[in-house]
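First up is the structure itself, then whatever we jot down about it.
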Amino acid sequence: MKVTIKSWTGVATWRWIANDDNCGICRMPFDSCCPDCKLPGDECPLVWGACSHCFHIHCIVKWLHSQPQQQCPMCRQDWKFNNK
Amino acid sequence: MSGIAKTSVLVEEGGNQCRKRSNISASSDQCSKRSKFDDMSSNEKKSNFSMLNPNVNGTIKMTTSSMNKPGATTKKLVIKNFKSKPNLPENYQETTWSKLREAVIAIQTSKAIAYSLEELYQAVENMCSHKMASQLYVNLTNLVEAHVKSNIEQFLSESMDRQVFLKRMDDCWRAHCRQMIMIRSIFLYLDRTYVLQNPSIHSIWDMGLDLFRHHIAMNTLIQTRTVDGLLTLIERERGGDAVDISLLKSLLRMLSDLQIYQDAFEHKFLQATERLYCAEGQRLMRELAVPQYLAHVEKRLREENERLLHYLDPCTKWQLIHTVERQLLSEHVSGVLSKGLESLMDGPRLRDLATLYSLFSRVKDGLTELCSHFNAYIKKKGRTIVIEPERDKTMVAELLEFKEQLDNVVSTCFQRNDRFLYSMREAFEHFINQRQNKPAELIAKFVDLKLRAGNKEATEEELERLLDKIMVLFRFIHGKDVFEAFYKKDLAKRLLVGKSASVDAEKSMLSKLKQECGGGFTCKLEGMFKDMELSKDINITYKQHLSASSECGGLELSVYILTMGFWPTYAAVEVRLPGELTRHQEHFAKFYLAKHSGRKLQWQATLGHCVLRAHFTQGNKELQVSLFQALVLLLFNDGDNLSFEDIKTATNIEEGELRRTLQSLACGKARVLMKTPRGRDVQDRDHFAFNADFTNKLFRIKINQIQMKETSEEQKATEERVFQDRQYQIDAAIVRVMKMRKALSHNLLISELYNQLKFPVKPADLKKRIESLIDRDYMERDKDNPNQYNYVA
């Protein structure tokens, strides 16, 4: 062996696994946070519904609080959190 | 004057008072003197003490009456008038006057006086007491007038040397003054009584002045000669000759005393001054360089002030100085500035500039002119620094130096005048934006250079001060988004490659930017720092995880996890990693995603770097390389001689990138690969071999500098991204304005946009964006008026 690796400093970027670019409620891109937060990351995570729609958690919680029925704002199906 | 005391005064007998008073009355001489003191007050009061009344005759009589009542202790003292007035000798007035006259003439002819001064004084007093004052005054006036007249002759002769004339004039004046003082002393009593009581009459001294003025000074010929003589003398003194200052002073005092200074002298003097300095100003402006000229003006002003101190009347001061300033400065303000400011500033000749400022602050509009020239100078000089692409390398350093120099000038020479500070800022802002985008980019890069590790030339404090100075420049930049883009890109490199000189300095720069542009400007930059900290934590836990599970040993892996939005966008590059690296990478990803669900990781191969242990015949070395360099080097474990094409297929690195990578390994300073044929550029047909004989005096060798270097494509891409962002901002601004206004003419829309947009844009670009928005149905042209836009909801 002429050369061996001693250490490696890699760089990776993370994104949310989402089926859309923007949150359907706040229209902000998923790469950034909801309007109430400052920094994207674990403080402002995404959630998926059983209907496979995806929102900022703060956005969907706010939406559900304001609605009499717990429906997905995109497809009007009953909203269920999908913890995958 | 009250006349004769008719009252009799009762004086209580046995009182000490009585005896005292009788004592007084006993010596009439004394009494008459005393009584003068009281002559105003007591007379009018008609008091009981009328025995002290002045009496023209000086007669006071006291009668002691006999006791009126037996047993009473008081006695009456009755004062009665003389029975007959004591008379003066017949010719008293004539003889006394002739005595006085003799004395005055003696004084006037500078001879000894035959009588004692006391005697003369007494004579005057007596004459006054005997109502001869007015006659005495008339006589004296005539006598003085005659003498003054007799002095005229000597000044009237033709062709007299001016110097001699002035000297004689001075002598005559001094003699006159001396004589009048003497005369006044003798006639003091007259001055104090008769003159004081008659406001229309001049005091003796004033009478003398009046006569002198009337007969000598107001004589046209004499006056002209005197004034001309004085002016010549002053002109000679201004020319640098030594002249008799005391003569000048004395004669000018004479003019002032005679109250003809202003009428006879001042006007002519100011005219002469004006003529002289007008000519001198024009001549010297041609002949002298500006610093010398300024020094000369300063000298002249100083001299004139001394002249005022030494012999001119202080009331001339304002006009004289004003005249000099006008002729030497006001007239030449723009001349001096356009001729000399540039070279003074280039110097910078601080002392001369200070002189310039202090002189110009004296004249009206002088500082305004200076300020506008100063402004023009900065703009002109600054433009040359900014505008030339050849000077890009040194632009920021030159700007900093220029700014410092100007600051120095303003603070030391221009007294930190606010007007100049504002003007300087305005000028900087103007010229620095003459060239769009480039200065912002270069400032960002300059900061990068200073914040990069290995920059050992500055201590923390020096760096801090430097950053402050850079912020001043940054403040002038209009297109701050360009700065942000480049700064962000460079910051990302510094952080990821571990090249940041000091976290403190980085943070301090960040807080400066935040202060300057607000939190919105820096929130992404702050996010980058946050990512770095989070990554540090993740790597620690990963290491613990590894040591617990004891799998994936052999190489140390640490990963920076970046949040997409914060960092510059990096093009995703797929490269072929050796199996060992892929295994580590997947292992880490599994670990990370288990902790952070709902995410996916995108590896950025361009940003990774490695430390390799390389075995050469001369010994082992550690190589700090980029991931790409490492990939290339690892290939040589299995083969000795590889072609460009082989390496390309094996690593799957993009061609341009690979070329640069190979160049750094085979043609740079540390050549761990050998290229055949030799040459600076990497060609498609080149072959590469591992350089087993590689030597270097260092153990650790950095070859990953290539990562830090910015390629021109990178620079273009950054710029492009900024322009792209700007387009969105323009679009957003247009829609915002139109949504609010509903309908707007083109020109109004454009001006509204210029108010909103914080970066420089050309009207043509705005037009393009408007067209694009019309195409996309955000707005439409009015059907009747093509110059008007309507918002489409």
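Letters A, B, ... mirror the listed sequences (proteins, then strands); counts begin at 1. No experiment lies behind these values; they were computed from the predicted model shown. These values consider heavy atoms only, across backbone and side chains, with no hydrogens, waters or symmetry-generated copies.
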(message) Distance alone, cut at 3.5 Å: any donor-acceptor contact between the side chains of E657(B) and T606(B)?
(response) no

(message) At a 4.5 Å cut-off on heavy atoms, which part of A614(B) comes close to chain A: side chain, backbone, both, or neither?
(response) both

(request) Please examine the side chains of Q602(B) and Y570(B), heavy atoms only from C-beta on, and report whether any two atoms are closer than 4.5 Å. (result) no

(message) Given heavy-atom pairs under 4.5 angstrom as the criterion, report whether the side chain, backbone, both or neither of T9(A) touches chain B.
(response) both

(request) Give a yes or no answer on whether the side chain of T13(A) reaches the backbone of M564(B) with a donor-acceptor pair at less than 3.5 Å. (result) no

(request) Against chain A, label K530(B) side chain, backbone, both or neither, depending on which of its atoms sit under 4.5 Å from a heavy atom there. (result) side chain

(message) If I measure from the heavy atoms of chain A, does L593(B) come under 4.5 Å with its side chain, its backbone, both, or neither?
(response) neither

(message) Let's test your reading of the structure: which of W567(B), F588(B), F566(B), Y592(B) forms the most heavy-atom pairs below 4.5 Å with chain A?
(response) F566(B)

(message) Whether the side chain of W63(A) engages the backbone of Q71(A) through a donor-acceptor N/O pair (distance < 3.5 Å, no angle test) should be reported.
(response) yes

(request) Give a yes or no on whether a salt bridge exists between E526(B) and K514(B), defined as a side-chain N under 4.0 angstrom from a carboxylate O. (result) yes

(request) Give, as side chain, backbone, both or neither, the part of L577(B) having an atom under 4.5 angstrom from any heavy atom of chain A. (result) side chain

(request) Give the member of V611(B), L623(B), V559(B) that has the highest number of heavy-atom pairs under 4.5 Å with chain A. (result) V611(B)

(message) I'd like to know which of V47(A), I5(A), D31(A), L46(A) tops the heavy-atom pair count under 4.5 Å against chain B.
(response) I5(A)

(request) Answer yes if the ring centres of F616(B) and F690(B) are under 6.0 angstrom apart, and no otherwise. (result) yes

